[in-house]
Each structure stands twice: as structure tokens, then as C-alpha cells.
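Here is the structure we will look at, set down as C-alpha cells.
Throughout, protein chains are lettered first and strands after them, A, B, ... in sequence-line order, and every chain is numbered starting at 1.
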Amino acid sequence: MRSRILAIPYNKRSHRCGELRGCDIDKQVLLAGWVNAARDHGGVVFVDIRDHTGVTQLRFNPAPTGGAHETAQRLHNEDVIAVTGRVLSRGEWVNPKMPTGEIEVEVDQIEVLSECAPLPFQLNDEFETSEETRLRYRYIDLRRPEMQEVLRLRHRVARAIREYFHENDFIEVETPFLTKSTPEGARDYLVPSRVQPGSFFALPQSPQIFKQLLMIAGYDRYAQIVRCFRDEDLRADRQPEFTQLDLEMAFVQREDVMAMVEGSAKRIFKDALGVEITTPLPRMTEEEAMERFGIDRPDTRFGMELKDVTEFMGEVDFKVFREAIDQGGVVKCLVAKQAESLTRKITDGLTEEIRGIGGAGLPLVKVNKGDNGVTFSTGVAKFLQPICAKLCEQVGADPGDVIFFMTGTFADVSKYLHYLRTRLATILDVIPKDRWDLLWVIDFPLVVWDEEEQRWFSTHHPFTAPLDEDIPLLDTDPGKVRDKAYDLVLNGIEIAGGSIRIHRQDVQRKIFSLLGIGPEEAKEKFEFLLEALRFGAPPHGGIAYGLDRWVMMLSGSESIRDVIAFPKTQRAVCPLTGAPGPVSQAQLDELYLSLKALPGS
RNA sequence: GGGGCCGUAGCUCAAUUGGCUAGAGUACCGGACUGUCGAUCCGGUGGUUGAGGGUUCGAAUCCCUUCGGCCUCGCCA
């Protein structure tokens with residue numbers, strides 16, 4: 001028989017669920033939260049109540065407590081309840097595993113504020129629920145303490161950023177989401193205009209041009225945490241909408257922006273994780289990064305650097321290497337130290353993986369101790385044995401090591417050996433834990449030649465300024481021109497990138513022309529920027545941080561989706577809302593849109 | 001667009017060489033139990049094996065197509 005239960009003023013919580021301690025014993029308290037677990041012993045009933053601060057054990061005695069005990073017996077996980085009661089010492093039943101384990105609350109009144117239907121998945125399951133299900137019921141997934149901590153870490157990062165830039169005289173200015181398609185770059189998300197039938201807005205890939213206009217407008221220092229949109233295929237570290245910290249400064253050189261960024265990085269690490277990082281941060285040119293690591297965002301937490309051994313191969317009778325070199329290619333290698341654990345099965349697997357990303361094969365040798373120094377075995381040993389000693393000395397290989405080779409164009413060799421290096425680091429477990437390797441990569445090529453389209457493309461974007469001393473090369477050898485860009489890399493992930501911008505109209509026109517953006521197109525797409533550059537543009541530069549990637553790194557998450565409250569799947573749909581979805585014919589008519597036949601219909 | 005892995009009860013997973021009524025844990029329902037804290041114990045409900053087609057006496061298992069999820073190359077200034 002259910003007794004009448006008095007309503008509890010849940011808006012007057014005396015404490016949060018993770019707060020009570022031994023010093024609170026005997027206090028009368030009012031708690032509200034979710035049922036984390038219920039243990040019914042027939043007599044006494046224990047219920048753990050949870051909110052974002054933690055968990056407290058409630059005790060329901062069968063004694064005359066106005067029906068509270070009976071209600072407690074019917075509770076399910078994730079019911080929302082409010083209780084009043086008295087804090088008691090747990091005496092001999094203290095639970096040292098819980099922060100509130102010294103006490104429990106003896107409940108005198110309970111009110112079920114909201115019942116929970118059978119859950120689609122258990123919050124505290126020992127098994128990890130599939131991401132598909134978690135995203136479908138994201139609001140349940142987000143209740144998990146792990147997710148709560150990630151989103152709170154994200155907040156600490158955002159707050160540290162806002163405070164730091166505010167203290168340094170930056171102002172936050174909002175820029176349009178409904179804007180114009182930018183040239184090059186990613187595919188745009190488009191929004192049709194109703195009042196301008198046949199015309200479309202593009203959602204911004206970044207506020208790049210607007211922040212430059214703000215500099216021209218004299219705001220001196222701007223910083224904004226802002227959403228950006230790119231309609232490209234997704235990855236573990238990419239979402240169609242993602243968040244940047246976007247900033248721009250006037251009257252600055254590269255050094256000034258980099259120093260400001262380093263200060264913010266220091267602040268973020270301290271406020272978000274309590275970690276002290278040392279500044280100034282190390283720097284590396286793009287050329288050196290490519291040479292040593294095969295990638296422009298090197299993970300410097302471990303060695304296994306790439307070594308160029310092209311010059312040694314002249315003495316070797318190995319057709320594969322010879323032919324590649326004759327065609328202008330290179331031969332590089334990397335040395336896996338003390339790699340006895342690399343079985344044939346593993347190296348065969350790696351060869352397959354390299355083939356999977358477009359490589360031809362993976363020549364290798366094992367280094368052994370011979371009667372007179374070192375010898376090679378397996379793989380391409382018979383070809384390389386003549387230069388064994390010399391090669392080992394050059395690349396620092398010792399008995400027990402395995403040397404992997406790659407040949408082809410510099411770009412291909414870099415790509416495959418970089419892939420191999422990171423895979424080997426995982427397999428051989430050589431990446432130190434709890435290490436934060438921040439580093440600047442600078443002096444990128446301003447433009448790269450695209451063989452397919454037979455034209456130059458910006459390495460970063462068309463507004464990046466060239467190094468002053470390289471400007472003359474724009475006419476003679478554009479591929480040699482370096483730019484005033486800088487990328488910030490953390491443990492091998494690019495987490496920020498920016499540059500000093502072009503602030504002179506003549507230079508900007510020249511770059512557009514180099515990129516094959518003709519006067520017509522330039523005029524059509526951003527006459528407003530070229531025009532603005534005519535009216536007193538200060539030298540300026542800035543940077544954008546990938547906020548999601550920062551949080552992903554700082555929280556140790558493997559996917560950007562784990563640090564976004566409501567992310568999309570790899571096919572860019574939201575399993576929770578079902579977006580994107582069809583719209584009514586009336587909506588289409590209003591926009592003067594008609595749909596072509598859909599694929600598969 | 002290409003390559004790879006995966007899909008069995010609400011959830012997490014089993015199921016021998018293609019062979020018995022597709023099982024277990026958990027959740028859910030019912031019962032027992034006064035110190036648990038992943039409570040325990042007893043009983044029960046629950047299945048279009050992602051979908052469609054094929055091979056076979058017989059398919060979760062083999063073949064084809066397709067849908068979905070994840071990783072990745074291209075792409076992402």
C-alpha cells in the first residue's frame with residue numbers, strides 16, 4: 001500500500017551529491033539526482049544518488065518512514081529522485097573507494113521526480129557500448145562521468161582562452177555564418193537564399209577574411225571562439241562543423257604572434273590540466289621536418305627518424321633502388337631499435353598496410369652480429385651486404401635492429417615512412433606517456449605545384465604572406481618561395497596554424513594571379529578584400545586553433561567525436577536528430593529549388 | 001571514389017567442419033533476503049542472426065547484392 005508522499009522542494013538542494021563528508025554528520029540534507037544503483041536487501045535498501053559532482057549512498061530503513069522504504073524498493077537506475085534525510089556516519093561500513101564513503105544519508109522522505117524507462121544501454125557497463133548506440137542516445141551517454149569530465153575540461157580550455165586573450169587586450173567580435181563562398185579550400189556547405197532566389201550563402205570554412213577586415217578596420221586585436229564548416233569526408237579528427245579559436249593581430253611580425261600563442265598554450269595547460277610547459281617552444285622548418293620525419297607535423301616524443309641513404313645505393317646492385325634513383329627519387333630508411341619482437345608476421349602485415357595506402361613494398365634487413373662486425377639477414381640483405389658496415393654506421397644501426405627502406409619520389413617516401421614510423425612506435429611501444437611535445441613548424445613553401453591540375457596551389461591559403469627575402473622568386477621560381485606561416489604541433493597533431501597576411505594589394509593580386517585566380521574571379525569572389533587593402537591596411541597576422549583537437553589531445557581521447565557534445569558520424573549524419581533530412585515541397589518551392597533524381601532511385 | 005575491419009536478445013558477447021529448440025552475462029518482469037556499495041540467490045519474458053537474393057537435405061556460418069558503423073588513402077587552403 002503506497003503511502004502519500006509529500007512533495008520535496010527539489011529546487012532547494014542543501015548539497016550536491018558528491019559533497020558530503022564526515023564533518024557533515026548529523027546534518028539534515030536535501031539531495032536530488034539520478035539513481036546510480038539500488039541494492040534491496042529486503043530490509044534495508046541502499047540507493048546511490050548521482051549528479052555531476054559525484055555519488056552519495058542513501059539508506060532506507062523499513063521502519064515507519066511514511067512509505068519511503070516502499071518507494072525505494074521500486075526504484076530503477078536513472079530514475080530522478082529528491083530525498084531529505086540525516087547524514088550518518090557509516091561506522092564500520094565506511095567505503096574508502098568513494099569520496100563520500102565516510103557517510104550515508106538516512107532518508108526520511110523521497111519523491112520520484114521522473115521515472116526512467118528501461119535503458120537502451122547501461123551507463124556503468126563493464127563493456128563499452130557501440131558508438132552508434134551512444135550517439136543515438138547521446139543525452140544518456142553524456143551522463144557518464146567520463147563524458148562529463150571531457151566536456152568540463154573543454155569548458156576549462158575555452159575559459160582559459162577567453163580570459164587570456166581578454167587580459168591581452170583582444171576583443172571578441174562575431175562574424176557572419178551566412179556568408180560568401182571562398183576560393184580554393186574545402187567544399188562549402190551551402191544555404192539557399194529565399195529572398196534572392198537562385199543565390200546561395202556559404203557557411204564559413206573559417207572567418208579568415210572577416211578577421212582581416214577587422215584589422216583593416218583598426219580593432220588591433222581580435223579573438224573569437226567560432227564554429228567553422230567544411231563539407232569534406234570525415235576522419236577520427238575531423239567533423240563537418242568544428243570549433244576554432246580564431247585570432248588576428250595588427251602591426252605584428254611572426255615572432256609577436258608566436259609569443260602570444262605560446263603564452264596562451266602555457267595558460268591552457270595550466271588551467272585545464274595543471275601542467276607547466278616551458279616556453280619559448282622549439283621550432284623546426286618544414287624542410288627539416290619533412291627530411292627527418294617525413295611529415296610537416298612531426299611527433300618528436302620518440303626517435304626513429306628517417307635517414308637519407310640515397311648516396312650509398314650507387315655501390316649496390318639492386319635494380320629497385322637503382323631505377324628509382326635514376327628517375328630522380330631517393331632512398332630513405334628508418335631503424336627500429338632492438339626490434340627482435342618484429343616477427344615475420346608483423347612485418348608482412350606492415351607491408352600489406354603500406355600497400356593499402358599506395359606503396360609498392362617494404363624492403364627490410366635485420367642487423368646481426370657477425371664474425372667481423374655486423375651482417376644483414378632476411379629481406380634485401382643479399383643486395384645490401386656489401387655496404388653493411390658503412391650503412392649501419394651512417395644510420396646508427398646495431399645488432400638486434402631492423403632497418404626498413406623506402407624508395408621513390410621524396411613525397412612518396414616521406415608519406416610511407418611517416419606511416420611506418422608511427423605504426424612501429426605503437427607496435428614497439430616507444431611513445432613515452434604523459435609527455436607534451438609542443439613545437440612550431442615554420443617556413444612552409446608558399447605554393448605547391450599540382451600535377452593533375454597543372455597549376456599552383458597555396459600551401460595554406462591565398463592570403464599568406466611570402467618571406468620578404470623570397471618575394472623576388474615569385475616571378476622566377478615560385479616553388480622555392482617560403483611563407484610567413486607557422487603551425488603549432490602537439491605530439492604529432494597539428495593543433496593550430498596561421499600566418500602573417502598579405503597587406504598590400506599589389507602582392508595580393510600577384511598571388512591570385514600565380515594561383516590562376518584571374519582578375520574576373522578575384523573580383524567576383526573578393527573584390528571587397530582587394531578593395532579593403534587599398535584603404536589603409538595595417539600589417540597583420542593571426543592564427544586559428546583547432547579547439548576540438550586541443551581537447552581531444554588534453555583529454556587523451558582517440559576521436560574528436562568524444563569531445564563534441566553532439567557530433568556527426570563518418571557519413572555526416574546525426575544519429576540523434578536524424579539530420580540531415582528531407583524538406584517539404586513547399587519549402588523547396590519557396591526557394592525556387594527542385595531536386596534532381598537521387599542516386600539509387 | 002579506393003582499401004580494410006565490423007554487424008547475432010535492449011546492451012556486451014558466444015555458437016566446433018555448414019548439423020540438435022541460436023546460448024551466456026547484463027538489463028527487464030516475478031520471488032527471496034536487514035550492511036550492501038558492479039549486492040547476492042531462485043524463476044521468467046525476450047531473436048526477421050542488419051536487409052534482400054542464391055547454393056544446400058540443412059545457412060548466423062558459404063556466394064552475390066545492398067544498408068549501416070568504424071579506421072584509412074584521395075580530399076580536407
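- Between A:Arg134 and B:rU12 there is no side-chain N or O to OP1 or OP2 distance below 4.0 Å.
- Ranked by how close their nearest RNA chain B nucleotide is to the 5' end, A:Leu234 and A:Thr569 are led by A:Thr569.
- Rounded to an integer number of Å, the gap from CZ of A:Arg59 to P of B:rC37 is 16 Å.
- Distance from the side chain of A:Thr133 is smallest for B:rC11 among the nucleotides B:rG38, B:rC11, B:rG74.
- In terms of phosphate contacts, A:His76 brings a side-chain nitrogen or oxygen within less than 4.0 Å of OP1 or OP2 of B:rC29.
- Base-pair partner of B:rG19: B:rC57 (Watson-Crick or G-U wobble, both distances under 3.5 Å).
- In this structure, the nucleotide among B:rU12, B:rC29, B:rU36 sitting nearest to the side chain of A:His41 is B:rU36.
- In this structure, B:rC5 and B:rG69 make a Watson-Crick or G-U wobble pair, each of the two defining distances being under 3.5 angstrom.
- Residue A:Pro118 has its side chain nearest to B:rC28 when only B:rC76, B:rC70, B:rC28 are considered.
- No N or O donor and acceptor, one from the side chain of A:Arg230 and one from the base of B:rC75, sit under 3.5 Å apart.
- Considering only the side chain of A:Gln57, B:rG35 comes nearest among B:rG74, B:rU12, B:rG35.
- Nucleotide B:rC41: paired with B:rG31 (Watson-Crick or G-U wobble, both distances less than 3.5 Å).
- A:Val447 comes within 4.0 angstrom of no nucleic acid atom, judged by non-hydrogen atoms across all strands.
- The nearest heavy atom of RNA chain B to A:Arg90 and to A:Lys415 marks one nucleotide each, and the one closer to the 5' end goes with A:Arg90.
- A:Thr100 places none of its side-chain heavy atoms less than 4.5 Å from the side chain of A:Gln57.
- At the heavy-atom level, A:Glu132 lies under 4.0 Å from the strands shown only through sugar-phosphate atoms.
- In the set B:rU12, B:rU72, B:rC76, the nucleotide with an atom closest to the side chain of A:Arg238 is B:rC76.
- A donor-acceptor contact under 3.5 Å links the side chain of A:Arg235 to the base of B:rG74.
- Within 4.0 Å (heavy atoms only), A:Arg355 reaches no atom of the nucleic acid at all.
- A:Glu104 comes within 4.0 angstrom of a base, heavy atoms only.
- Residue A:Ser130 places at least one side-chain N or O under 4.0 Å from the OP1 or OP2 atom of B:rU12.
- The A:Glu232 side chain lies nearest to B:rC76 when the options are B:rG35, B:rC73, B:rC76.
- Ring geometry for A:His461 against A:Phe463 counts as tilted: the plane angle lies between 30° and 60°, on a 0 to 90° scale.
- Residue-level contact check: A:Phe46 touches the bases, meaning some heavy atom is under 4.0 Å from a base atom.
- Judged by distance alone, with hydrogens and angles left aside, A:Asp48 brings no side-chain donor or acceptor close enough to the base of B:rC37 to form a pair under 3.5 Å.
- Pairing partner, B:rA24: B:rU12, with both Watson-Crick or wobble hydrogen-bond distances short of 3.5 Å.
- In this model, the phosphate group of B:rC70 is not approached by any side-chain N or O of A:Arg571 to a distance below 4.0 Å at OP1 or OP2.
- In this structure, A:Arg455 forms a cation-pi arrangement with A:Phe457, its terminal cationic atom sitting closer than 6.0 Å to the ring centre and no more than 45° off the ring axis.
- Looking at heavy-atom distances under 4.0 Å, A:Glu353 makes no contact with the nucleic acid at all.
- Listed for the A:Trp34 side chain is no donor-acceptor partner under 3.5 Å among the backbone atoms of A:Asp51.
- The side chain of A:Arg39 lies closest to B:rC37 when the candidates are B:rC37, B:rU34, B:rC11.
- Side-chain proximity of A:Arg561 to the nucleotides B:rG74, B:rC70, B:rC11 is greatest for B:rC70.
- Contact annotation: A:Gln122 side-chain N/O to B:rG10 OP1/OP2 distance is not under 4.0 Å.
- Spacing of P atoms, B:rU17 relative to B:rG1, comes out at 38 Å, to the nearest Å.
- The CG-P distance, from A:Leu135 to B:rC11, rounds to 14 Å in whole Å.
- A salt bridge links A:Asp141 to A:Arg138: one of the charged nitrogens lies within less than 4.0 Å of a carboxylate oxygen.
- At most 12 heavy atoms of other shown residues, nucleotides or ligands fall within 6.0 angstrom of atom CD in A:Glu520.
- Taking the six-membered ring for Trp and thresholds of 30 and 60 degrees, A:Phe229 and A:Phe177 have ring planes more than 60 degrees apart, a perpendicular arrangement.
- Within 4.0 Å of A:Asp40, counting heavy atoms only, lies at least one base atom of the nucleic acid.
- When the nucleotides B:rU36, B:rC37, B:rU34 are ranked by their closest atom to the side chain of A:Met98, B:rC37 comes out on top.
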